[in-house]
Q: 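Encoded as structure tokens, here's the structure I'll be asking about.
Bear in mind the structure is a predicted one, so any value in this text is a computation, not a measurement. Heads up: numbering here begins at 1 and tracks the sequence. Computed from heavy atoms alone, side chains included, the values below leave out hydrogens, waters and symmetry copies.
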Amino acid sequence: MARILFVNIAAEGHVNPTLGLVKELVEHGEEVVYVCTEEFRNKITSTGAQFRPYTLNEQVLAELGFSLTDVKHPLQFIEYLLRGLIEHQVPEILKLTKDDSFDFIVFDSMFGWGGYLLSEKLGIPSICSITHLVVPKVPNQEMPPIDTGDFDVAALIERIMTAAHQIAAEHNVDVPTIEDIAGKIGEHKLVFTSRYFQPYADLIDDSYVFTGPSIASREDAPDFPLERLHSKYEQVVYISMGTVLNKDVQFYKLCFEAFTDIPAQFVLSCGKDTDLSELTNSIPPHFIIEPYVPQLEILQRADAFITHAGMNSTSEGLYYNVPLVMIPLSTDQPYVAARVQELGAGIMLDKNSLTPEVLKSSLLQILTDASYKTNAAKIGDSFREAGGHKAAAKHVMTLFSKV
């Protein structure tokens, strides 16, 4: 039996894909100590793992003022990783585990150099958990110029490198390059998608093992009247904009206007903190609206999925062969949406030029053109063939099996 330290960030899209893997490891007799924030305690302990909470430094996060929807320069993300996560979480995790011994560590790719630091300080090998698409270096690919306006890039770089020097000195390690802060993720990588879905997969070496999405039932899924989905209409359309960026009431208003005369059962998951009271009188009768729904169960019955194209939601939709209408909002979502569209499994829309007419025509195209369903099924087949959490657990145990 191995003793495994599992370190993750406080985000549904990074925690959820790992739950099936952790449960599988525990069921095979491995001991997993999972470190994350308190809000994920119940999800994590339901897998059988031990849980230890770390706290976020809210003062530093407020000072950084980092917003997923307002990124003026890619290096802002690097500063967020370094000063918002690595600088504070690495020392705290080392304190949480100071009296323990582990055989290896699995850390989320968002920890980057921080995962390397933990591995070095604990003296154990590591595996990086990657819940997003890999972005390889493509030969002769020119990156579009960045319009920074009056944004002070030089000051940003100085802040990053000052923090990097301080952290390196504290832990007695070499100072990383800016590229290493996000990119130094170790020798072994576990990627929760398929090589078929991964863009430029031929440029990615075998240290990246593609095991497909880890689709596992969720203990915290709420009750839902699934029998209502096909009680009046033949087709079902599911709408969810994720758990971070789901408070755009105007978008929901657009949906009500766009889909008012489409004969399908619509299910909208709006998030527990979204107030739709101002729209009460404009909600069409064929909409079921809940703060939180059993997404996997609904996707198994859906004919289309309107989504922000977050990697987790996209993977779950395609795993069940559901074609997508995608409205990417931030971070890697445009990259994910572009890949889905390239493979013919969905339509990507521009969030800045949405109209009821555009939304309606895109959804009708998905619902009436069978090629979208066929292409979504090809991706779904590749996900299932990759093996999911069972294949991921087998790979992890093979890598560091105790002799």
Q: Answer yes or no: is there a donor N or O on one side and an acceptor on the other, between the side chain of D103 and the main chain of I4, under 3.5 Å?
A: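 Pair absent, no side-chain N/O of D103 close to backbone of I4.
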Q: Decide yes or no on salt bridge (charged side-chain N to carboxylate O under 4.0 Å, His left out) for K351 and D248, but give the supporting numbers first.
A: CA-CA 11 Å; K351 65 179 180 181; D248 188 348; over 6 Å; no
Q: Count the heavy atoms belonging to other residues, nucleotides or ligands that lie under 6.0 Å from CD of E227, then report whether that count exceeds 12.
A: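 Count over threshold, so yes.
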Q: Going from CD on Q59 to CG on L64, what distance comes out if it is rounded to the nearest 0.5 angstrom?
A: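 Interatomic distance, Q59 CD to L64 CG, rounded to 0.5 Å: 11.0 Å.
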Q: Working note: R339 + E342, criterion salt bridge (charged side-chain N to carboxylate O under 4.0 Å, His left out); need CA distance, chi angles, decisive distance, verdict.
A: CA-CA 5 Å; R339 183 57 173 166; E342 180 183 14; 2.9 Å; yes
Q: Around H171, counting heavy atoms of other residues, nucleotides and ligands shown, do more than 12 lie under 6.0 Å from its NE2?
A: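 Yes, because the 6.0 Å sphere around NE2 of H171 holds more than 12 heavy atoms from other groups.
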Q: For atom NZ of K253, decide whether the heavy atoms of other residues, nucleotides or ligands shown that lie under 6.0 angstrom number more than 12.
A: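 No.
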Q: Please report the C-alpha distance between R384 and N321 in whole Å, then the side-chain angles of each, then the deciding distance to 0.1 Å, and finally whether the side-chain contact (heavy atoms from CB on, under 4.5 Å) criterion is met.
A: CA-CA 11 Å; R384 292 183 290 275; N321 308 332; 3.3 Å; yes
Q: Distance-only, no hydrogens or angles: does the S382 side chain make a donor-acceptor pair with backbone N or O of I379 under 3.5 Å?
A: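 Looks like yes, one N/O pair under 3.5 Å.
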Q: Kindly assign one of parallel, tilted or perpendicular to the pair F287 and F259, based on the angle between their ring planes and the thresholds 30° and 60°.
A: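 Aromatic pair F287/F259 classed parallel.
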Q: Taking E31 for its side chain and M1 for its backbone only, find out whether a donor-acceptor pair lies under 3.5 Å.
A: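 Not at all, since once roles are kept as given, no pair shorter than 3.5 Å links the two residues.
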Q: Does a side-chain N-to-carboxylate-O contact under 4.0 Å join K184 and D174?
A: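 No, K184 and D174 are not salt-bridged.
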Q: Is there a side-chain contact between I262 and L364, using heavy atoms and a 4.5 Å cut-off?
A: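 When only atoms from C-beta onward are counted, L364 and I262 do touch, with a gap below 4.5 Å.
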Q: Keeping the roles fixed (side chain from R195, backbone from F210), state whether a donor-acceptor pair exists under 3.5 Å.
A: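 Flag not set: sc R195 to bb F210 has no pair under 3.5 Å.
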Q: side-chain contact (heavy atoms from CB on, under 4.5 Å), that's the test. Do F256 and L268 meet it? Break it down for me.
A: CA-CA 10 Å; F256 299 156; L268 169 60; 4.1 Å; yes
Q: Of the non-hydrogen atoms in F104 and I124, which two are nearest, and what is the gap between them?
A: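 It is C-CD1, 3.6 Å.
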Q: How about D100 and R52: do any of their side-chain heavy atoms sit closer than 4.5 Å?
A: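 Result yes, sub-4.5 Å side-chain heavy-atom pair found.
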Q: Taking atom NE2 of H230 as the centre, does the number of heavy atoms from other residues, nucleotides or ligands within less than 6.0 Å exceed 12?
A: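 Enclosed.
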Q: Give, for atom CZ of R83 and atom CD1 of I167, the distance between the pair rounded to the nearest 0.5 Å.
A: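 Going from the CZ atom of R83 to the CD1 atom of I167 covers 9.5 Å.
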Q: To the nearest 0.5 angstrom, please state how far the CD1 atom of I178 sits from the CG atom of L75.
A: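 Rounded to the nearest 0.5 Å, the CD1-CG separation comes out at 5.5 Å.
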Q: Whether the side chain of E24 engages the backbone of K390 through a donor-acceptor N/O pair (distance < 3.5 Å, no angle test) should be reported.
A: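 No; zero donor-acceptor contacts below 3.5 Å.
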Q: How close do I239 and C255 get, heavy atom to heavy atom, and via which atoms?
A: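 For I239 and C255, the tightest heavy-atom pair comes out as CD1-SG, 4.2 Å.
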Q: Can you see whether H14 engages D108 through a side-chain donor-acceptor pair at a distance of less than 3.5 angstrom?
A: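 Result is yes, a qualifying pair exists.
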Q: Strictly by modelled atom types, are Y34 and T47 linked by a side-chain donor-acceptor pair under 3.5 Å?
A: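 Short answer, no.
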Q: Tell me, do Y54 and T37 make a side-chain contact under 4.5 Å, heavy atoms counted?
A: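 Yes - at least one pair of side-chain heavy atoms lies under 4.5 Å apart.
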Q: Show the numbers, then the answer: is there a ring-ring contact (aromatic ring centres under 6.0 Å, His included) between Y238 and F305?
A: CA-CA 5 Å; Y238 176 49; F305 182 15; 5.0 Å; yes
Q: Are the charged groups of E12 and K43 less than 4.0 angstrom apart, N to O?
A: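 Judged by the 4.0 Å cut-off on N to carboxylate O distance, E12 and K43 do form a salt bridge.
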Q: To the nearest 0.5 Å, how far apart are CE in M348 and CG in L324?
A: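 The CG atom of L324 is 12.0 Å from CE of M348, to the nearest 0.5 Å.
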Q: Taking all heavy atoms of I86 and all of F111, pick out the closest pair and write down the distance.
A: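 Of all heavy-atom pairs spanning I86 and F111, the closest is CD1-O, 3.3 Å.
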Q: At their closest point, which heavy atom of I204 faces which heavy atom of P136, and how far apart are they?
A: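 What the structure gives for the nearest pair is CG1-CB, 4.1 Å.
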Q: Relative to the ring of F383, is the ring of Y319 parallel (under 30°), tilted (30 to 60°) or perpendicular (over 60°)?
A: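 Correct class here is parallel.
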Q: Distance alone, cut at 3.5 Å: any donor-acceptor contact between the side chains of T211 and H395?
A: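 Checked: T211/H395 side chains show no N/O donor-acceptor pair below 3.5 Å.
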Q: For V249 and D275: C-alpha separation, side-chain torsions, deciding distance, then whether side-chain contact (heavy atoms from CB on, under 4.5 Å) applies.
A: CA-CA 8 Å; V249 174; D275 182 6; 6.0 Å; no
Q: Salt bridge check: are E92 and K95 linked by an N-O gap of less than 4.0 Å?
A: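 Looking at E92 and K95, the cut-off is not met.
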Q: Which atom names give the shortest non-hydrogen contact between E170 and P91, and what distance separates them?
A: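 Residues E170 and P91, closest heavy atoms: OE2-CG, 3.9 Å.
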Q: Should V106 and T18 count as side-chain neighbours, where that means a heavy-atom distance under 4.5 Å?
A: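 Side chain of V106 against side chain of T18, heavy atoms only: no contact under 4.5 Å found.
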Q: Within a strict 4.5 Å, meaning less than it, do heavy atoms of the I44 and F6 side chains meet?
A: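 They are not in contact (no side-chain heavy atoms under 4.5 Å apart), so the answer is no.
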Q: Roughly how far, to the nearest 0.5 Å, is CG of L190 from SG of C128?
A: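 It comes to 9.0 Å.
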Q: Would the number of heavy atoms belonging to other residues, nucleotides or ligands and lying under 6.0 Å from NZ of K373 be above 12?
A: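 Count over threshold, so yes.
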Q: Among residues at least two apart in sequence or on other chains, which ones pass ring pair (Phe, Tyr, Trp, His ring centres under 6.0 Å) with H188?
A: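 So H188 forms a ring pair (Phe, Tyr, Trp, His ring centres under 6.0 Å) with F400.
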Q: Judged by atom type as modelled, is there a donor-acceptor pair below 3.5 Å linking the side chain of Q198 to the main-chain atoms of V135?
A: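 Pair absent, no side-chain N/O of Q198 close to backbone of V135.
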Q: Do the side chain of Y335 and the main chain of V134 share a donor and acceptor less than 3.5 angstrom apart?
A: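 Checking the backbone N and O of V134 against the side chain of Y335, a donor-acceptor pair under 3.5 Å is found.
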Q: Is D223 atom CG crowded by more than 12 heavy atoms from other residues, nucleotides or ligands, each under 6.0 Å away?
A: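 Open: at most 12 neighbouring heavy atoms sit under 6.0 Å from CG of D223.
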Q: When you measure from the side chain of E30 to the backbone of R3, do you find a donor-acceptor pair of N or O atoms at a distance under 3.5 Å?
A: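 Side chain of E30 to backbone of R3, a donor-acceptor pair under 3.5 Å: no, none is there.
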Q: What's the spacing between H308 NE2 and Q333 CD if we round to 0.5 Å?
A: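 Spacing of NE2 (H308) from CD (Q333) equals 5.0 Å.
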Q: Could you check if a side-chain atom of M110 sits within less than 4.5 angstrom of a side-chain atom of T131, using non-hydrogen atoms only?
A: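 No. Closest side-chain heavy atoms not under 4.5 Å.
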Q: Does V236 offer a backbone N or O that forms a donor-acceptor pair with the side chain of D303 under 3.5 Å?
A: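 Yes, the answer is positive, given that a donor and an acceptor are paired below the 3.5 Å cut-off.
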Q: For E158, is there any backbone N or O sitting under 3.5 Å from a side-chain donor or acceptor partner on T162?
A: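 A pair under 3.5 Å: yes.
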Q: Please report the shortest heavy-atom distance between V322 and L299, naming the atom on each side.
A: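 Taking every non-hydrogen atom into account, CG2-O, 3.3 Å.
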Q: Do the non-hydrogen side-chain atoms of W113 and L81 ever get within less than 4.5 Å of each other?
A: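 Not in contact.
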Q: Applying side-chain contact (heavy atoms from CB on, under 4.5 Å), run through F224 and V267 and close with a yes or a no.
A: CA-CA 11 Å; F224 185 88; V267 178; 4.0 Å; yes
Q: Under a 3.5 Å cutoff, is there a donor and acceptor pairing between the side chains of D369 and Q365?
A: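 Judged by distance alone, the side chains do not pair up.
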Q: Given side chains that start at C-beta, do those of I298 and L226 come closer than 4.5 Å, heavy atoms only?
A: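 Yes, their side chains come closer than 4.5 Å.
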Q: Does R41 come within less than 4.0 Å of E38, counting only side-chain N to carboxylate O?
A: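 Salt bridge flag = yes for E38 with R41.
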